[in-house]
Amino acid sequence: MREIFAGLPWWVKWVAVPVIALFVFGGLIASVVGFFIGLLFKALVFVALVGGLIYVVRKFTASSSSRGDW
């Protein structure tokens with residue numbers, strides 16, 4: 001493989017081959033990147049919801065415990 005690329009001009013190695021790879025595998029790359037961005041977004045939403053739940057529960061339990069026994 002190295003011998004094949006050794007005789008080619010620099011623009012073929014550094015421009016044409018990556019462009020062809022993006023053309024062929026572009027959909028796959030976009031799907032993988034989109035999947036990971038979606039997963040990151042869902043993880044951030046999960047962390048925010050759990051944090052909000054913990055905040056509300058602590059605030060509620062703190063206010064109810066400050067009232068004393070019913």
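For the numbers below, each heavy atom of this structure counts, side chains included, while hydrogens, waters and symmetry mates do not.
- Both L49 and F41 sit in one connected hydrophobic cluster of ILVMFWY residues. Membership requires side-chain heavy atoms under 4.5 Å apart, directly or through other members.
- W14 and F5 fall within a single hydrophobic cluster, where Ile, Leu, Val, Met, Phe, Trp and Tyr are joined by side-chain heavy atoms under 4.5 Å apart, directly or via other members.
- Hydrophobic clustering (ILVMFWY, side-chain heavy atoms < 4.5 Å, transitive): L8 and W11 are in one cluster.
- The hydrophobic cluster containing L40 also includes L44, under a criterion of side-chain heavy atoms closer than 4.5 Å among ILVMFWY residues, counted directly or through chains of members.
- Grouping the Ile, Leu, Val, Met, Phe, Trp and Tyr side chains by contacts below 4.5 angstrom, directly or via other members, places W10 with V12.
- The line from CZ of R58 to CG of L53 is 11.0 Å long, rounded to the nearest 0.5 Å.
- Apart from V32 itself, the hydrophobic cluster it occupies contains I20, L22, F23, V24, F25, L28, I29, V33, F35, F36, I37, L39, where clustering links Ile, Leu, Val, Met, Phe, Trp and Tyr at side-chain heavy-atom distances under 4.5 Å.
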